[in-house]
S.K.: 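Take a look at the following structure, please.
Just so you know, these numbers use all the heavy atoms, side chains as well, and skip hydrogens, waters and symmetry mates.
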Amino acid sequence: MTGTREKPKEATGERRQITVVFVDIVGFSQLANSTDAEDLQGWLEAYYDRTRDIVETRGGTVTEYLGDGVVACFGLHSADELAAPRAVDAAIAAVAPLAPPPGGHAPVILRAGVATGEVATRPEQDTTGRPAATGVVTTLASRIQEKGSPGDVLIAEETRALLRDGFHIESLPPQTLKGFAEARPVYRAGPKRQPHKWSRKADFVGRTEQLSLLRGADRPSLIRGEAGIGKTALTRAIGTEATRTCIIGGDGLHLNSSHFPFRQWLRESLEDAGATYAGIEKTFPTLSDEARQALALILGLPEGQRLLLEKANTALKSLIEQSLWQAVRSSLPITGGMIIVEDLHWLDNASFGVLQAFLSAPDADRIRIILTSRDDPKLEQFLDLTGLQLVPLSPLSETEARQLLAVLSGGKIDSDTADHLIDTAGGVPLFLEQLFKRGTAATDTGVPATLTDLLAERIDNTGPARGLLQSAAIIGRRFRSDVLGLLEADTGDMAARLDAAAELGVIDRIGPDEWMFSHALLHQAAYHGILRRTREGLHARLASVLGEHFPEIAAQDPAMIAEHHARARAFVPAILGFLQASQVALLQGAMADAQAHTETALDLCRTAPPDLDTTDLEIACQTSLGSVLMQMQGFAAAPVRDAFESVLNIARASGRPSHNSAPALFGSFSHAIIAGDMDRSESFCDLLEEVAEGRSNETDMSEVQLASLAAKNCKCFYAGDFSEQFTHIAVIRDLYDLSRHGVMITRYGMDIFAAAQMFEPVARAICGTPEVVPALIEETDRHQDLLNIPVMRPYALIWGAVPLFYIGETEKALARLQQGIAEADAQGAMFWQIVGRVWLGIMDEAQQDSAEGRAAMKAQMDTLDMIGSGIGASYFSAVYAQALSRAGDTETACSMSRKAAKECAASRLLCWYPEILRLHARNCDAAGLADEAAETRETGLTAARAQGAVLWEQRLLADREGAAR
């Protein structure tokens with residue numbers, strides 16, 4: 001014997017107490033005789049699916065389908081003290097009447113029986129063709145349901161004893177059941193009663209001053225103090241005084257997961273109804289459809305995805321925050337409710353935004369709001385602390401500490417031991433409680449000096465569960481047993497080890513398959529006790545497990561997956577994951593989170609090993625950062641320029657960027673051209689062309705070629721090089737295939753063909769071929785219909801109105817423009833709201849001729865300037881100046897249009913240059929500056945003829961003739 005224990009053989013099953021539900025259709029034989037067999041089969045499948053959904057959303061498992069009967073077990077694969085209540089709740093939901101099969105008329109009625117008893121279970125992987133559980137309890141449930149009337153849920157005595165008064169129970173006479181010798185007590189169960197209030201923990205002592213502050217507060221309260229100081233105990237104590245409470249808590253390993261605490265609360269709120277859109281509708285019936293879609297978006301449900309396309313970032317952020325408030329508010333009574341938000345120091349930035357919305361809600365004063373946090377700079381950053389009732393928690397006094405020990409020990413603790421524990425704990429309740437449970441004697445000098453060491457010892461004391469808890473700590477403070485089982489490669493004793501850890505108070509069961517470390521510091525102790533290399537390996541394995549087995553988690557929470565990759569030092573997937581998380585946060589309007597995710601990705605690029613080429617990743621990171629900062633600070637803000645300048649510098653330094661950098665370069669080009677920076681635009685355009693000229697055996701280079709052509713097409717339009725622009729669009733038409741290239745939308749943020757094609761009708765109108773414009777606009781609209789991307793509609797409508805205006809179809813142009821502005825308003829698309837209203841001022845001379853209209857146009861132009869959108873600025877100024885001139889302010893008008901002409905020439909954005917010169921010449925005429933007017937028109941004619949801009953040339957010639965007359 002070496003003393004080494006043999007690895008136990010894999011268990012083949014276990015004894016377990018479970019609760020069984022047997023659901024049956026009343027009068028099924030008659031129903032089957034009157035229904036076509038094929039129709040009956042389809043109808044039964046729907047019945048099976050509905051029943052299975054009801055069972056599984058409550059933590060049960062359907063184990064058998066017996067014709068018209070469905071057998072479900074609760075507590076089958078993991079012990080659950082709530083198995084019986086969940087089973088009865090599922091049975092009540094399952095017996096709701098069904099729509100009849102084809103040809104039927106009356107609703108189909110069901111009934112159910114529920115029984116609890118001991119069974120022998122088989123492992124989940126060993127149930128094919130065999131019963132999952134062996135025992136008399138399934139037969140008992142079946143026999144009980146036979147005694148019920150249609151619509152009844154009948155339960156056995158053993159089940160009733162476990163319900164804890166959670167249901168309406170009606171006692172029936174004892175029933176003689178087939179196969180059972182003696183009559184059995186049977187009960188009829190009805191829907192749940194209202195949940196009970198909290199009962200205050202017996203070991204809560206002291207804190208009278210703090211309780212008084214909380215009771216007397218006329219505003220939200222913030223309980224603030226160090227770890228383990230008793231914040232949770234105090235909130236539970238004050239929470240017992242509320243009619244109903246809503247508890248939301250931060251999580252230390254999900255700091256990078258936007259809205260995580262509120263998403264967790266939503267999942268818990270939807271536990272009975274199911275975390276589906278139908279569950280949201282059922283749980284929050286008073287919310288609007290849009291609000292429920294916002295909740296679905298937070299949960300990653302498909303019903304919410306359309307909001308990403310319909311709402312601009314800021315509008316979506318506000319909708320999410322208001323929808324969460326409405327959801328929480330609807331879960332509480334009108335008065336007497338309480339919202340508790342715990343551990344603010346672990347809230348993500350987006351959740352702070354939600355919390356701010358809660359605190360500023362018009363009806364927030366009707367709800368008591370309690371917050372808890374450690375000291376953290378984020379509190380001052382995100383909250384107005386002057387608007388909160390601050391409740392600081394200091395260590396317990398010696399008297400209070402002795403009171404707590406007396407409660408914990410039942411008054412059976414000697415004075416010396418009490419003195420030693422009080423001295424060691426330093427007045428921290430958690431220290432004191434854990435030291436007492438540890439059983440430290442007064443003479444024991446091995447008592448840890450810090451909380452971390454103490455909690456690490458508690459993890460060690462779990463023995464065989466220690467390694468399992470360390471693996472669980474990799475997942476987070478909350479962890480699911482199914483995820484842990486795959487991470488740990490469970491050999492069958494995981495449930496027992498978890499139960500043992502729960503008995504020691506290290507973890508708590510919070511759901512059928514979910515556990516939580518009893519305190520955040522216990523979680524930290526388990527996590528930090530792992531060797532660094534082991535920890536990295538576990539994080540890598542967990543990222544793989546989640547990606548392979550739980551794709552829904554990976555899809556809805558990319559930041560969490562990225563964090564695991566980062567902790568595993570898997571730099572490339574970590575960087576890509578944080579960039580994905582940034583994009584998700586940006587689309588949801590969580591700007592601070594989007595910035596934080598991108599900056600984390602950038603930090604990883606900088607700390608990556610020297611042999612890892614992160615060039616393309618750095619380009620993507622800087623582009624992402626520029627995009628986020630542009631939304632937050634405007635196009636022309638210095639940090640935005642710095643980010644895109646970094647993209648340019650990195651790309652130049654790397655020689656030739658790879659095809660993977662093409663979306664980033666195209667995005668950088670787009671931002672530069674919108675800002676009116678032709679030099680930077682050309683630099684990015686040249687880099688894209690270099691990339692497009694490359695070769696790849698693995699990548700469809702036509703995508704990069706299209707991006708390069710689209711950039712050149714755009715650049716040529718704004719430069720007034722219309723002939724070359726037409727050449728590029730012709731090539732794009734030949735190369736673009738919607739079935740192949742439509743997917744570029746997800747990588748480039750727009751449809752490349754749409755982005756290029758919408759310049760053509762404007763250019764054709766300027767070049768004097770008005771007859772082709774209507775067909776081109778129809779092509780634009782057809783393509784938009786095929787794409788069906790609402791977020792691009794304002795762009796297509798507003799920009800499509802411009803060529804109609806230029807060919808003289810002013811009424812059609814104005815109607816289209818108004819439609820585009822309305823869509824932009826509905827989506828909260830700020831840029832197109834502003835641009836649309838500027839063009840409205842240009843097209844509608846009635847607006848130009850009123851002081852109010854001119855003021856409105858100038859305000860929109862100033863806003864564009866403020867956010868750094870320089871494209872078209874000179875043209876807009878020239879039109880505005882002409883309006884001033886007609887109003888009699890010729891001096892200001894002439895000065896403004898002269899400046900616009902100079903700035904346009906300097907910018908090299910010359911598409912409107914001849915028209916700007918024409919407008920300036922008009923202003924000069926009005927100001928009596930005939931020579932300058934004539935010279936300006938000749939310069940304009942030269943520029944228009946060089947561009948082939950027939951429209952500008954015709955207007956200039958007409959004005960020259962008019963001036964000569």
S.K.: Side chains of Phe260 and Asp557: closer than 4.5 Å at any heavy-atom pair?
M.R.: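 Contact flag for Phe260/Asp557 side chains = yes.
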
S.K.: Is it true that the NZ or CZ of Arg535 lies under 6.0 Å from the centre of Tyr527's six-membered ring and within 45 degrees of the ring axis?
M.R.: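 Arg535 over Tyr527 ring: yes.
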
S.K.: Any sub-3.5 Å donor-acceptor pair from Ser34's side-chain atoms to Leu31's backbone N or O?
M.R.: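 Answer holds: yes.
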
S.K.: Walk me through whether Val71 and Val21 qualify under side chain to side chain contact (heavy atoms under 4.5 Å, CB included).
M.R.: CA-CA 6 Å; Val71 180; Val21 178; over 6 Å; no

S.K.: Are the side chain of Thr159 and the backbone N or O of Thr116 linked by a donor-acceptor pair below 3.5 Å?
M.R.: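 Such a contact is found between Thr159 side chain and Thr116 backbone.
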
S.K.: Is any side-chain heavy atom of Arg480 closer than 4.5 Å to one of Phe550?
M.R.: yes

S.K.: Any carboxylate oxygen within less than 4.0 angstrom of a Lys/Arg side-chain nitrogen, looking at Asp289 and Arg292?
M.R.: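 A salt bridge is present here (some side-chain N lies under 4.0 Å from a carboxylate O).
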
S.K.: Considering only residues two or more places apart or on different chains, which pairs with a residue in residues 35-65 satisfy ring-ring contact (aromatic ring centres under 6.0 Å, His included)?
M.R.: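 Sorted pair list: Tyr48-Tyr65.
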
S.K.: Can you tell me which residue among Leu299, Thr283, Ile280, Val328 is in a side-chain contact (heavy atoms from CB on, under 4.5 Å) with Leu266?
M.R.: Leu299

S.K.: Mind running salt bridge (charged side-chain N to carboxylate O under 4.0 Å, His left out) on Arg497 and Glu503 for me, showing each step along the way?
M.R.: CA-CA 10 Å; Arg497 286 185 284 165; Glu503 289 177 4; over 6 Å; no

S.K.: Which residues satisfy the side-chain contact (heavy atoms from CB on, under 4.5 Å) test with Arg111, sequence neighbours excluded?
M.R.: Asp24, Val26, Gln145

S.K.: Is the closest basic N to carboxylate O distance between Glu563 and Arg567 below 4.0 Å?
M.R.: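 Counted as a salt bridge, because a side-chain N and a carboxylate O are separated by less than 4.0 Å.
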
S.K.: So how far is it from Thr35 OG1 to Gln30 CD, rounded to the nearest 0.5 Å?
M.R.: 10.0 Å

S.K.: Give the C-alpha distance, both sets of side-chain angles, the deciding distance and a yes or no for side chain to side chain contact (heavy atoms under 4.5 Å, CB included) between Thr19 and Val137.
M.R.: CA-CA 8 Å; Thr19 298; Val137 65; over 6 Å; no

S.K.: Indicate the atoms forming the closest heavy-atom contact of Val114 with Ala91, along with that distance.
M.R.: CG2-CB, 3.9 Å

S.K.: Hey, mind stepping through Arg50 and Asp53 against salt bridge (charged side-chain N to carboxylate O under 4.0 Å, His left out) and telling me if it holds?
M.R.: CA-CA 5 Å; Arg50 189 196 80 156; Asp53 289 343; over 6 Å; no

S.K.: With the threshold set at 4.0 Å, does a side-chain nitrogen-carboxylate oxygen contact exist between Arg86 and Asp89?
M.R.: no

S.K.: Does the side chain of Val483 come within less than 4.5 Å of His549's, by heavy atoms?
M.R.: no

S.K.: Do side-chain atoms of Ser142 reach the backbone of Thr138 as a donor and acceptor pair under 3.5 angstrom?
M.R.: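 Not a single qualifying donor-acceptor pair exists.
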
S.K.: Could you grab the distance from atom CG of Leu301 to atom OH of Tyr277, nearest 0.5 Å is fine?
M.R.: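 Nearest 0.5 Å value for the CG-OH distance: 9.5 Å.
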
S.K.: Flag the pair Leu484 / Leu498 as yes when at least one side-chain heavy-atom distance between them is below 4.5 Å, and no otherwise.
M.R.: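 Yes, side chains in contact.
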
S.K.: So, Arg143 side chain and Lys147 main chain: donor-acceptor pair closer than 3.5 Å or not?
M.R.: no

S.K.: Could you give the distance from OG1 (Thr534) to NE2 (His539), rounded to the nearest 0.5 Å?
M.R.: 11.0 Å

S.K.: For Ser330 and Ala327, indicate whether the former's side chain and the latter's backbone hold a donor-acceptor pair under 3.5 Å.
M.R.: yes

S.K.: Between the side chains of Glu342 and Arg236, is the shortest nitrogen-to-carboxylate-oxygen separation below 4.0 Å, so that they form an ion pair?
M.R.: yes

S.K.: Do Ile248 and Ile340 touch side chain to side chain, with heavy atoms closer than 4.5 Å?
M.R.: no

S.K.: I need the Ile92 CD1 to Ile155 CD1 distance, nearest 0.5 Å.
M.R.: 8.5 Å

S.K.: With a 3.5 Å distance limit and no angle check, can you tell me whether Arg541 reaches the backbone of Leu487 through a side-chain donor-acceptor pair?
M.R.: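 Between the backbone of Leu487 and the side chain of Arg541 there is a qualifying donor-acceptor contact (under 3.5 Å).
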
S.K.: Check the pair Phe180 / Thr139 against side chain to side chain contact (heavy atoms under 4.5 Å, CB included), numbers first and verdict last.
M.R.: CA-CA 10 Å; Phe180 293 86; Thr139 303; 4.2 Å; yes

S.K.: Taking Asp499's backbone N and O only, do any of them form a donor-acceptor pair with Arg509's side chain (distance below 3.5 Å, no angle check)?
M.R.: no

S.K.: Could you state the interatomic distance from CD (Gln264) to NE2 (His259), rounded to the nearest 0.5 Å?
M.R.: 15.0 Å

S.K.: Taking all heavy atoms of Gly249 and all of Pro261, pick out the closest pair and write down the distance.
M.R.: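 The pair with the smallest heavy-atom distance is O-CB, 3.2 Å.
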
S.K.: Which atom pairs, donor and acceptor, lie under 3.5 Å between side-chain atoms of residues 181-188 and protein residues at least two apart or in another chain?
M.R.:
residue	atom	partner	partner atom	Å
Tyr187	OH	Glu157	OE1	2.5
Arg188	NE	Asp152	OD1	3.0
Arg188	NE	Asp152	OD2	3.2
Arg188	NH1	Glu170	OE1	3.0
Arg188	NH1	Glu170	OE2	3.2
Arg188	NH2	Asp152	OD2	3.3

S.K.: Over all heavy atoms of both residues, which pair between Ala94 and Thr51 is shortest? Give the atoms and the distance, please.
M.R.: CB-CG2, 4.5 Å

S.K.: What's the separation between atom CD1 in Ile298 and atom CZ in Arg263, rounded to the nearest 0.5 Å?
M.R.: 8.5 Å

S.K.: Nearest heavy-atom pair of Ala465 and Ala501: which atoms, and what distance?
M.R.: CB-CB, 4.3 Å

S.K.: Mind checking whether Ser269 and Phe284 have side chains closer than 4.5 Å, heavy atoms only?
M.R.: yes

S.K.: Testing the basics here: between Thr462 and Val506, what is the closest heavy-atom pair and its distance to 0.1 Å?
M.R.: CG2-CG2, 3.8 Å

S.K.: Has the side chain of Asp493 got a donor or acceptor atom that lies under 3.5 Å from a matching backbone atom of Ala496?
M.R.: no

S.K.: Is the backbone of Trp346 close enough, under 3.5 Å, to the side chain of Asp343 for a donor and an acceptor to pair up by distance?
M.R.: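 A pair under 3.5 Å: no.
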
S.K.: For Gln41, does the CD atom sit with more than 12 other heavy atoms under 6.0 Å from it, leaving out its own atoms?
M.R.: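 Open: at most 12 neighbouring heavy atoms sit under 6.0 Å from CD of Gln41.
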
S.K.: Could you walk me through whether Phe22 and Leu66 pass the side chain to side chain contact (heavy atoms under 4.5 Å, CB included) check?
M.R.: CA-CA 10 Å; Phe22 193 105; Leu66 304 172; 3.9 Å; yes

S.K.: Do Thr240 and Thr245 come within less than 4.5 Å of each other through their side chains, counting heavy atoms only?
M.R.: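 No, their side chains stay 4.5 Å or more apart.
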
S.K.: Can you name the nearest heavy-atom pair linking Ala115 to Ile144, along with the distance?
M.R.: CB-CD1, 4.5 Å

S.K.: Is any side-chain heavy atom of Trp265 closer than 4.5 Å to one of Ile247?
M.R.: no

S.K.: Could you tell me whether a side-chain N or O of Arg466 sits under 3.5 Å from a main-chain N or O of Ala526, the two making a donor and an acceptor?
M.R.: no

